[in-house]
Amino acid sequence: MPGEQGEVRRDKLDRLLGMGIDPYPARSAVSLPVADIRAGGETEETLVASGRLTAKREHGKTIFADLRDPGGTIQLYLGRSVLSDSDWELLGLLDLGDIIQVTGTVFTTRTGELTIRCSGIRLLCKSLRQLPVVKVDAEGVYHDEVTDSDLLYRHRCVDLLVNPESRTRFEMRTRIVSYLRGYLDANGFLEVETPVLQPIYGGAAAQPFETMYGSMDQKFYLRIATELYLKRLVAGGMERVYEIGKDFRNEGIDRTHSPEFTQLELYEAYSDYTGMMDRFEDMVAGAATAAGLEEEIEYQGAAISLRTPFRRIGFMDSLRRASGEDLFSWEPKDLKGLLERQGITSDAEDRITMLDKLFDHYVAHRIVQPTFVVDYPLELSPLAKRSLEDPALTERFEAFMAGLELANAFSEQNDPLLQRRILEEQAAASLHREGTLDEDFLYALEVGMPPTGGMGVGIDRLVMILTDTGRIRDTILFPHLRRTDQ
RNA sequence: GAGCCGCUAGCUCAGACGGUAGAGCAUCUGACUUUUAAUCAGAGGGUCGGGGGUUCGACUCCCCCGCGGCUCACCA
């Protein structure tokens, strides 16, 4: 009998229909969350609980079962002598995974388990798929835990049901994002939405996804950043704006990169990159609290302190110190040689990209505690203002933690002529860019944008840190996978 | 895009040397009125990721493909 597992449930569904039971009723009674029932303890008061049937322990005329809702699990006591004949018959047709509603009182069994003594039971939704059964023994050890990541990513609903820590992680993500919104709203920022489909992409250096806009008969790109649009708004007098949304970068996937990721970008007029440091510290510390964490957190085995202020180091200083060399005076061929000696394989040929590689190698990957790396070379930062002390540097920082880049911020370049020249030079020098200037953005700068601090924060990575997750995909509900149907 | 590893029942896994597959949980049948990884007895369930090839014979060896994982490359 092929496909037995599914057939059994279909058969039960038919039998339920034969009994006149609607396996998918439209209405259910208001029920008490399991967590509340547990908190309430024993009671003679009749209450209603709803959830998924996750275990059944049959003892003849007595059946113990587990009912789970998002907030917890509670045991059910189902006795032949307590239930009606029809409820008892229904019980026999229930499978693990079915969503049910029970009515009863709460007592404690002689083994000390808080339990609902069910006087009534109702089917709310028949499940036609057998879920993996994960059991936890008395020592709290998981048995037959589902590890097939393909299954878990393709069917996140299964993951959420079967792995409680997955559910918790996404709840934390939501709380973190809510906190950030609340923080920014409370500080006078306006949340806005800018185009995802853009005729010219910009604001970062990345390969875009391309698409065809049918009715316009024009090529469009999925945004790689919101930067250039948000700054237009600052020029337009929306002096504190932010957007939390997806950016798309048509590049490789790895543990810390997702082609579709969530970024918070915020811009604050009359602020600068030091102001952005304060915002970042506020937001990270606050998000941790919102996620239920203390100031000291653990990330993949490392102790991390979120105590502010965060450390500040210079891009060039830190690289000099870590490498023991003044790499900024080196010729490209010598840098190339050093890269090879350090075992870094890279296609990079130009000086500045190689320096950036060496910075990652010597400094960034080794940063554990929250750290602002400040004063980036001008060549790496076309949209940032030049440093007052050194025109080769910019007023920019990137925030690192546990080897991850979490944020990128600068005092925004608002000199329209200088900005145009820099962008033109970049476009000319770069092979893969379209070489198209965003004239509307430059127009906005010509209209005039006040001195402004701006910052982008990688939300998925922040969630990684705060949920102690090693893979960015575990912070994204539906990460991209290759389709298997073709 | 490259290299390596993996893909066996719904889930977790085992299958030395090539002889058409096993376990636990889940499912089904039966027993059991306070168990909790319930227990006991029995049963069903697999075109071993797909396609070729070698061979008398392939889960096993070879080739191609698919999907996943890990590293690397790409990544203001």
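Order of the sequence lines fixes the chain letters, A, B, ..., with proteins taken first and strands second; residue numbering starts at 1 for each chain. Keep in mind that the numbers below use all heavy atoms, side chains included, and drop hydrogens, waters and symmetry copies.
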Considering every strand shown, what is the Watson-Crick or G-U wobble mate of C72(B) when both distances are under 3.5 Å? G1(B)

Give me the distance, rounded to whole Å, that separates U29(B) from G69(B) when you measure between the P atoms they each carry. 38 Å

With rounding to whole Å, what would you report as the distance between C28(B) and G44(B) at their C1' atoms? 7 Å

Assigned partner base of G18(B), Watson-Crick or wobble definition, under 3.5 Å: none

Euclidean distance, atom CD1 of residue I352(A) to atom C1' of C75(B) [Å, nearest integer]: 16 Å

For G10(B), take OP1 and OP2 only and decide whether either is under 4.0 Å from a side-chain N or O of R129(A). no

Euclidean distance for C1', A31(B) against G68(B) (whole angstrom): 44 Å

Against the side chain of R471(A), the closest entry in A76(B), G69(B), A37(B) is G69(B)

Whole angstrom value for the distance that separates P of U36(B) from CG of L53(A): 18 Å

Please classify A16(B) as syn or anti, treating any glycosidic angle within 90° of 0 as syn. syn

G-U wobble or Watson-Crick pairing nucleotide for C48(B) (cut-off 3.5 Å, both distances): none

Kindly state whether the ring of F372(A) and the ring of F280(A) have centres lying under 6.0 angstrom apart. yes

Test side-chain hydrogen bond (donor to acceptor under 3.5 Å, both in side chains) applied to R386(A) and T394(A), step by step: CA-CA 4 Å; R386(A) 292 187 185 193; T394(A) 53; over 6 Å; no

Please determine whether a side-chain nitrogen or oxygen atom of R57(A) lies at a distance below 4.0 Å from atom OP1 or OP2 of A38(B). yes

Looking only at side-chain N and O atoms, does K56(A) come under 4.0 Å of OP1 or OP2 in A38(B)? no

Listed nucleotide nearest any side-chain atom of R117(A), set U34(B), U33(B), G68(B): U34(B)

Which nucleotide wins on minimum distance to the side chain of Q75(A), given the candidates C25(B), A76(B), U36(B)? U36(B)

Spacing between H155(A) atom NE2 and C67(B) atom P, to the nearest angstrom: 16 Å

Which nucleotide, U34(B), U71(B), A76(B), lies nearest any side-chain atom of E398(A)? A76(B)

Phosphate oxygens OP1/OP2 of G68(B): is one of them under 4.0 Å from a side-chain N or O of R154(A)? yes

Looking at K357(A), I'd like to know whether one of its side-chain N or O atoms comes within less than 4.0 Å of OP1 or OP2 on A73(B). no

Length of the NE2-C1' vector between H59(A) and C40(B), whole Å: 12 Å

Any donor-acceptor N/O pair under 3.5 Å between C75(B) base and H257(A) side chain: yes

Between A21(B) and A9(B), how many Å separate the two C1' atoms, rounded to a whole number? 11 Å

Got a second to check how far E210(A)'s CD is from K219(A)'s NZ, nearest 0.5 Å? 3.5 Å

Between G10(B) (C1') and L131(A) (CG): distance, integer Å: 9 Å

What is the distance from CG of L151(A) to P of C11(B), rounded to the nearest Å? 6 Å

Does C13(B) have OP1 or OP2 sitting under 4.0 Å from an N or O in the side chain of T147(A)? yes

Rounding to an integer number of angstrom, what distance separates G30(B) and C67(B) when you compare their C1' atoms? 42 Å

Is the shortest distance from a Lys or Arg side-chain nitrogen in R52(A) or D69(A) to a carboxylate oxygen in the other one below 4.0 Å? no

For T111(A), run the side chain to side chain contact (heavy atoms under 4.5 Å, CB included) check against T115(A), T108(A), T109(A) and tell me which one passes. T109(A)

U34(B) base to E113(A) side chain: any donor-acceptor pair below 3.5 Å? no

A41(B) - base-pair partner by Watson-Crick or wobble geometry, distances under 3.5 Å: U29(B)

Nearest-Å distance once atom P is located in both A23(B) and C40(B): 16 Å

For A26(B), does OP1 or OP2 lie under 4.0 Å from any side-chain N or O of K135(A)? yes

Using whole Å, report how far CD1 of I74(A) lies from P of U34(B). 20 Å

Name the one of F209(A), Y201(A), F248(A) that satisfies ring pair (Phe, Tyr, Trp, His ring centres under 6.0 Å) with Y221(A)? Y201(A)

Gap in Å between the two P atoms, one belonging to C56(B) and one to G1(B), rounded: 40 Å

Are S381(A) and A76(B) close enough that a side-chain N or O sits under 4.0 Å from OP1 or OP2? no

Please report the C-alpha distance between E44(A) and T105(A) in whole Å, then the side-chain angles of each, then the deciding distance to 0.1 Å, and finally whether the side-chain hydrogen bond (donor to acceptor under 3.5 Å, both in side chains) criterion is met. CA-CA 5 Å; E44(A) 284 304 307; T105(A) 56; 5.2 Å; no

Where each residue is assigned the nucleotide of RNA chain B containing its nearest heavy atom, which of R249(A) and G60(A) is assigned the position nearer the 5′ end? G60(A)

Base paired to U54(B) (Watson-Crick or G-U; both N/O distances under 3.5 angstrom): none

For U34(B), does the base pair up with any side-chain atom of T111(A) as donor and acceptor (N or O, under 3.5 Å, distance only)? no

Select one nucleotide: of C70(B), U33(B), U35(B), the one nearest the side-chain heavy atoms of Y77(A). U33(B)

Any R110(A) side-chain nitrogen or oxygen under 4.0 Å from OP1 or OP2 of U35(B): yes

In the structure shown, which nucleotide is the Watson-Crick or G-U wobble counterpart of C67(B), with both distances under 3.5 Å? G6(B)

Closest listed nucleotide, where the reference is the side chain of K61(A) and the choices are C25(B), G69(B), U33(B): U33(B)

Please state the C1' separation for the pair C59(B) and C17(B) - nearest whole angstrom. 15 Å

Of C74(B), A26(B), C28(B), the nucleotide closest to the side chain of L96(A) is A26(B)

I'd like to know whether T371(A) forms a side-chain hydrogen bond (donor to acceptor under 3.5 Å, both in side chains) with R311(A), so could you lay out the CA-CA distance, the side-chain angles of the two residues, the decisive distance to 0.1 Å, and finally the verdict. CA-CA 5 Å; T371(A) 301; R311(A) 192 167 61 119; 3.3 Å; yes

Closer than 4.0 angstrom, basic N to acidic O: yes or no for R15(A) and D11(A)? yes

Are OP1 or OP2 of A73(B) and a side-chain N or O of T345(A) less than 4.0 angstrom apart? yes

In whole Å, I'd like the distance from the CG atom of D148(A) to the P atom of A26(B). 20 Å

Can you find a donor-acceptor pair, distance only, under 3.5 Å between D144(A) side chain and G24(B) base? yes

Position toward the 5' end of RNA chain B (nearest nucleotide), E58(A) or T115(A): T115(A)

